[in-house]
Participant: 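Take a look at the following structure, please.
The figures here come from the full heavy-atom set of this structure, side chains too, leaving out hydrogens, waters and symmetry mates.
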Amino acid sequence: MGTAYPARRRDGAATREAILAAGVVEFTEHGYAGAGVRQIAERAGVTAMMINRYFGSEEGLFVRASGHLQAANHQHGEPARGVTPEVAVWTGCRVSGAGLHG
């Protein structure tokens, strides 16, 4: 017989948010080319298939994560720190000597 696992409560909204948050971190730290679906999934505590289920593809997640980062940057009026130039281009931030600014 197989191993019995405790029942896990399904919460689609929480799963989507966990993937989005993990995507924001991975893309911010590594850019699109450097972030991997497996690393994002591991950080979010889901399988790589779940990223495709919720966002369609890694590119779909990148677009949503970039939009999320841009909205947060503009909402708080603070410069985004540690964002790769690639993400800055996607989110509309400009790069200056003092860092990134929305």
Participant: Would you kindly confirm whether I40 and V46 end up in one hydrophobic cluster when ILVMFWY residues are joined by side chain heavy atoms under 4.5 Å apart?
Facilitator: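 I40 clusters together with V46.
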Participant: On a heavy-atom basis, which atom in V37 and which in A48 lie closest, and how many Å separate them?
Facilitator: CG1-CB, 3.5 Å
Participant: Are the side chains of F55 and V63 in touch, meaning some heavy atoms are under 4.5 Å apart?
Facilitator: no
Participant: Would you mind reporting whether R16 and R64 have side-chain heavy atoms less than 4.5 Å apart?
Facilitator: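 In short, these two side chains touch, coming nearer than 4.5 Å.
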Participant: Which residue pairs pass the side-chain hydrogen bond (donor to acceptor under 3.5 Å, both in side chains) test when at least one of the two sits in residues 40-53, sequence neighbours left out?
Facilitator: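 side-chain hydrogen bond (donor to acceptor under 3.5 Å, both in side chains) check on residues 40-53 returns E26-R43.
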Participant: Work out which heavy atom in I51 is nearest to a heavy atom in A41; give both atom names and the distance.
Facilitator: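 Looking at all heavy atoms of both residues, the closest pair is CD1-N, 3.8 Å.
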Participant: To the nearest 0.5 Å, what is the distance between CD (E58) and OH (Y32)?
Facilitator: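 Result: 4.5 Å between the selected atoms.
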Participant: Does any non-hydrogen side-chain atom of L20 lie less than 4.5 Å from one of Y54?
Facilitator: no
Participant: Any side-chain heavy-atom pair from T15 and M50 closer than 4.5 angstrom?
Facilitator: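 When only atoms from C-beta onward are counted, M50 and T15 do touch, with a gap below 4.5 Å.
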Participant: Check the orientation of F62 and F27. Use parallel for under 30°, tilted for 30 to 60°, and perpendicular for over 60°.
Facilitator: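 F62 vs F27 ring planes: perpendicular.
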